[in-house]
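Taking it in order: structure first as structure tokens, then the write-up.
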Amino acid sequence: MKRHMFETILGACFIVFFILFWFWHSPITGKLTQAEINHYMGILEKSAFPPDEKAEALARLKAWAESDDGKPIFMLNLMRNFPQVKPYPGAPDFKGTPAESNKIYENAAIPLLFKRGSYPAYLGKPQGKNLFGYKPELNNWDEVIVVRYRDRRAFLDLLADPKYVPFMPYKLMATELNLLPTSGELVLPDFRIIVSGLLLIIFLGVGWFRAERKTMMG
């Protein structure tokens, strides 16, 4: 009797955990409204973007927000470190290396990503030069990251977060950054996780079946 009670409680806990995880991970608030977009853009107008890039960046952000489809996005980050930190008006006075500056940014940004149901889905460093595509501007990347955002609202909300805003310049003055938002047409998890999960389910199922059979026969 106690064993069945334990299994019932454990199962209920798993169900609650899954529901919470589903809400954390899934876009459930619909497309961005024009009022929301105006709110976010008003905050970003005051952010410390590099002055020579600010107008174009905000225009592209607004157009992208207005075409919201309410679905998750996968943001491709192509990063090339500057030879040295490139300060600009509004950025903090930082004397370290570009790598150190970027590390400050990442340490601050990653917890704020998780808070919004978003996370790095892939992170890697190039193994050399491009095998195809030989133009200088297409080559010599230092880091490639794909970040999964719950929706476009999560991305804009991150950019407008008062806890994020002071750290954004650490990224912008450290790296030549290319951001390309993409849709998740086909997203495959690591097949090792799928296979190990299936084997675990089979193992537990066989154990449960054998225990029930022994109980019925005993």
Side-chain angles (χ1 to χ4, degrees), residues 24 32 36-65 72-130 133 135-182:
W24 174 81
L32 284 161
E36 287 180 297
I37 294 171
N38 293 340
H39 168 72
Y40 287 128
M41 298 311 298
I43 295 174
L44 295 178
E45 284 280 357
K46 303 173 185 176
S47 296
F49 282 97
D52 57 339
E53 301 175 8
K54 187 171 186 176
E56 180 66 21
L58 293 179
R60 293 189 182 192
L61 277 170
K62 185 177 181 182
W64 177 66
I73 62 166
F74 292 81
M75 188 72 75
L76 173 63
N77 294 246
L78 292 173
M79 292 176 287
R80 183 187 292 119
N81 288 342
F82 294 130
Q84 59 187 26
V85 168
K86 290 179 62 175
Y88 60 86
D93 182 19
F94 182 73
K95 304 299 184 183
T97 66
E100 291 170 341
S101 183
N102 189 53
K103 189 65 175 177
I104 291 173
Y105 167 84
E106 290 180 349
N107 288 342
I110 289 178
L112 298 176
L113 277 176
F114 283 115
K115 179 182 176 182
R116 292 166 171 81
S118 307
Y119 50 86
Y122 166 84
L123 187 153
K125 293 184 181 297
Q127 297 178 330
K129 293 183 179 296
N130 296 346
K135 295 179 180 179
E137 64 270 19
L138 299 177
N139 223 325
N140 299 318
W141 302 107
D142 288 302
E143 196 168 20
V144 179
I145 301 177
V146 176
V147 180
R148 192 258 189 198
Y149 289 91
R150 183 168 55 195
D151 50 23
R152 301 187 197 198
R153 180 181 288 103
F155 180 76
L156 292 176
D157 196 62
L158 172 69
L159 295 186
D161 190 329
K163 294 180 180 179
Y164 174 88
V165 170
F167 293 97
M168 182 175 65
Y170 285 95
K171 166 72 75 176
L172 299 180
M173 64 183 181
T175 65
E176 180 183 343
L177 176 64
N178 289 270
L179 289 182
L180 178 64
T182 69

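In what follows, residues are counted from 1 in the order of the sequence shown. The analysis underlying the following values was restricted to heavy atoms, covering all of them including side chains, and did not include hydrogens, waters or symmetry mates. Note that the coordinates shown come from a computational prediction; the quantities given were computed from them, not determined experimentally.
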Indicate yes or no: at least one non-hydrogen side-chain atom of [X] is less than 4.5 angstrom from one of [Y].
X	Y	answer
Asn178	Asn77	no
Leu76	Leu179	no
Phe74	Val147	no
Thr175	Asp142	no
Val144	Lys125	no

Donor-acceptor contact present, side-chain [X] to main-chain [Y], <3.5 Å:
X	Y	answer
Lys171	Glu106	no
Ser47	Glu45	no
Arg150	Trp24	yes

How far does [atom1] of [X] sit from [atom2] of [Y], to the nearest 0.5 angstrom?
X	Y	atom1	atom2	value
Ile37	Arg152	CD1	CZ	9.5 Å
Thr97	Asn102	OG1	CG	9.5 Å
Trp141	Asn130	CH2	CG	8.5 Å
Met75	Ile145	CE	CD1	12.5 Å
Arg153	Ile73	CZ	CD1	12.0 Å
Asn81	Gln84	CG	CD	12.5 Å

Heavy atoms only: give me the nearest [X]-[Y] pair and the separation to one decimal.
X	Y	result
Leu156	Ala65	CD1-CB, 3.7 Å
Tyr119	Phe114	CB-CE2, 3.5 Å
Gly90	Ala48	O-CB, 3.7 Å
Asn139	Gly133	ND2-O, 4.0 Å
Leu172	Phe82	O-CE1, 3.6 Å
Pro126	Glu143	CD-N, 3.9 Å

Plane angle bin for Phe94 and Tyr170 - parallel if under 30°, tilted between 30 and 60°, otherwise perpendicular = perpendicular

So does Lys86 have more than 12 non-hydrogen atoms from other groups sitting under 6.0 Å from NZ?
-> no

Salt-bridge present (Asp161, Lys163; N to O < 4.0 Å) = no

Could you check Leu159 against Val165 for side chain to side chain contact (heavy atoms under 4.5 Å, CB included), going step by step and ending with a plain yes or no?
-> CA-CA 7 Å; Leu159 295 186; Val165 170; over 6 Å; no

Could you verify whether a donor N or O on one side chain and an acceptor N or O on the other, from Asp157 and Tyr40, lie under 3.5 Å apart?
->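 There is such a pair between these side chains.
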
Would the Phe155 and Tyr149 ring centres measure less than 6.0 Å apart?
->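 Under 6.0 Å, so yes.
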
